[in-house]
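Quick notes on the structure that follows.
The sequence lines fix the lettering, A, B, ..., with proteins before strands; numbering per chain opens at 1.
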Protein chains: 2
Amino acid sequence: MSNLSTTSDDILASTRHLLISGGYNGFSYADISEIVGIRKASIHHHFPSKVDLVRELVKRYREDGQASVAILEQKVPNALDILKAYANHWAACIEDASRPYCVCAMLASELPSLPTEVATEVTNFFRFISSWLASVMERGSKQGELSLTSAPHVEAEAFLATVYGAMLSARAYGKPEVFSTILAPALNRLTPNVSH
Amino acid sequence: MSNLSTTSDDILASTRHLLISGGYNGFSYADISEIVGIRKASIHHHFPSKVDLVRELVKRYREDGQASVAILEQKVPNALDILKAYANHWAACIEDASRPYCVCAMLASELPSLPTEVATEVTNFFRFISSWLASVMERGSKQGELSLTSAPHVEAEAFLATVYGAMLSARAYGKPEVFSTILAPALNRLTPNVSH
DNA sequence: TTTGATCTTCCTACTAGTTGGTAGTTTCGT
DNA sequence: ACGAAACTACCAACTAGTAGGAAGATCAAA
């Protein structure tokens with residue numbers, strides 16, 4: 001009989017929430033304890049140190065991402081549709097304010113000042129997303145589902161930068177719809193068979 | 001007789017340095033005092049509170065940006081060349097590690113948890129850059145110096161997102177050259193008279 | 001089925017160090 | 001002599017982290 005929600009998961013969820021809003025140095029064990037409803041010391045039982053906590057969070061974040069990607073690849077055959085689904089995922093998260101920013105975007109900007117264990121995990125996340133997008137680009141190009149103007153791995157980096165830049169812009173302006181405004185032409189440009 | 005470097009400027013410079021590396025909550029008055037070589041309390045003489053300090057920093061950052069843009073517009077007539085110069089500015093900053101990240105990109109990602117006075121100033125910065133880029137896009141389009149596929153203000157947002165996304169990627173991978181790899185095709189796409 | 005040992009989880013109470021900020025004083029150039 | 005700019009010496013609040021104990025749950029042996 002497995003619990004639907006463990007304290008450890010609650011701690012991770014509130015950490016993610018706090019991390020998205022203010023970064024690594026923007027929250028404390030006291031903040032988490034208030035949200036979860038347990039004492040500070042109890043958090044140390046589950047995650048001995050802050051580094052342990054955030055390292056585990058990022059590790060799971062990447063693993064969840066890998067799992068979601070696997071399902072997406074299985075359900076959606078067309079490469080362009082995959083990129084659209086990826087963009088729509090973030091558009092939805094930003095617009096309903098549920099997870100309006102990527103944990104790893106937050107941490108990547110703080111990278112030089114992060115504990116190395118966390119920094120490594122963050123870099124790993126970006127390597128994963130980047131190589132996944134590159135594989136999508138390559139396959140889509142070969143099968144005529146995408147029209148590329150650069151090498152697949154360059155297009156992948158460019159697309160990733162657009163997504164994360166759009167995420168930042170939406171936050172900077174306080175206007176969620178900016179994300180889709182930026183992504184729409186980016187996806188359009190990758191669409192084949194546009195008469196010209 | 002004006003000094004070439006005032007203490008106040010030294011404080012702002014070291015604040016910028018610290019801010020770029022770890023964000024608003026990633027540095028303290030103690031850190032600044034160590035770099036500048038004065039006591040913590042002396043910093044409060046120049047900037048009564050941390051909010052005052054960072055608000056002033058961002059205000060000047062925007063003003064400096066506006067001045068640089070004015071000079072750039074004056075020296076470089078061609079719109080595409082302006083965009084290239086803007087991209088090259090950041091490429092150089094990132095590659096020589098002098099100012100490898102934008103102060104306002106850092107703060108924008110932390111926006112929800114920032115003091116409102118600082119947050120407002122950050123939003124102002126992005127509005128400025130965005131409307132400047134939009135004006136460059138519009139002028140360049142009219143004069144045939146740029147080939148746009150969307151409305152000028154959309155192209156401006158997309159270009160801005162690419163620049164800031166590329167900045168983040170360069171930091172995430174720890175590879176400065178990633179910035180130029182991403183910007184090159186973005187600028188290429190805006191270049192007119194490419195045979196197709 | 002009851003006992004007892006062990007494990008997990010949470011607690012109170014505490015620590016040493018850091019945070020942004022203040023009060024009041026001295027130093028120094030004009 | 002006067003203001004600016006620096007200083008020493010604080011402060012209350014907060015930081016991550018620790019020590020040690022109480023309440024339950026689990027499970028094996030009697």
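Applying the salt bridge (charged side-chain N to carboxylate O under 4.0 Å, His left out) rule to pairs touching residues 15-41 of chain B yields nothing, sequence neighbours excluded. Applying the salt bridge (charged side-chain N to carboxylate O under 4.0 Å, His left out) rule to pairs touching residues 126-138 of chain A yields Glu138(A)-Lys142(A), sequence neighbours excluded.
Contacts of Thr116(A) classified as side chain to side chain contact (heavy atoms under 4.5 Å, CB included), with partners at least two apart in sequence or in another chain: none. With sequence neighbours excluded, the residues that form a side chain to side chain donor-acceptor pair (under 3.5 Å) with Arg62(B) are Glu121(B). Residues satisfying the ring-ring contact (aromatic ring centres under 6.0 Å, His included) test with His44(A), not counting sequence neighbours, are Tyr29(A).
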Please output the side-chain donor-acceptor pairs of residues 87-101 of chain A that fall under 3.5 Å, not counting sequence neighbours, one pair per line with the distance.
from	atom 1	to	atom 2	distance (Å)
Asn88(A)	ND2	Lys84(A)	O	3.3
Asp96(A)	OD1	Ser98(A)	N	2.8
Asp96(A)	OD1	Ser98(A)	OG	2.6

Contacts under 3.5 angstrom, residues 66-82 of chain A side chains, donor-acceptor by atom type, not counting sequence neighbours:
from	atom 1	to	atom 2	distance (Å)
Ser68(A)	OG	Asp64(A)	O	3.0
Glu73(A)	OE1	Arg139(A)	NH1	2.8
Glu73(A)	OE1	Arg139(A)	NH2	3.4
Glu73(A)	OE2	Trp132(A)	NE1	2.6
Asn78(A)	OD1	Leu80(A)	N	2.8
Asn78(A)	OD1	Asp81(A)	N	3.1

Atom pairs and distances, donor-acceptor, side-chain atoms in residues 150-168 of chain B, under 3.5 Å, two or more places apart:
from	atom 1	to	atom 2	distance (Å)
Glu155(B)	OE2	Thr149(B)	N	2.8
Glu155(B)	OE2	Thr149(B)	OG1	3.1
Glu155(B)	OE2	Ser150(B)	N	3.0
Glu157(B)	OE1	Tyr173(A)	OH	3.0
Glu157(B)	OE2	Tyr173(A)	OH	3.4
Glu157(B)	OE2	Ser130(B)	OG	2.8
Thr162(B)	OG1	Ala158(B)	O	2.9

Let me check something: any side-chain donor-acceptor pairs from residues 20-27 of chain A under 3.5 Å, sequence neighbours excluded? List them with distances.
none

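The two residues Cys102(A) and Phe125(A) make their nearest non-hydrogen contact at SG-CE2, 4.1 Å.
Ile32(A) has its CD1 atom 11 Å from the C1' atom of dA16(D), to the nearest Å.
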Mind listing the N/O atom pairs, protein and nucleotides 5-9 of chain C, below 3.5 Å?
from	atom 1	to	atom 2	distance (Å)
dT9(C)	OP2	His45(A)	NE2	3.4

Protein-nucleotides 16-23 of chain C N/O pairs under 3.5 Å:
from	atom 1	to	atom 2	distance (Å)
dT19(C)	OP1	Ser28(B)	OG	3.3
dT19(C)	OP2	Ser28(B)	OG	3.4
dG20(C)	OP1	Phe27(B)	O	3.2
dG20(C)	OP1	Lys50(B)	NZ	2.9
dG20(C)	OP2	Tyr29(B)	N	2.9
dG20(C)	N7	Lys40(B)	NZ	3.4
dG20(C)	O6	Lys40(B)	NZ	3.2
dG21(C)	OP2	Lys50(B)	N	2.7
dG21(C)	N7	His44(B)	NE2	3.3
dG21(C)	O6	Lys40(B)	NZ	3.2

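Using a 4.0 Å cut-off on heavy atoms, none of the residues of residues 108-122 of chain A approach DNA chain D.
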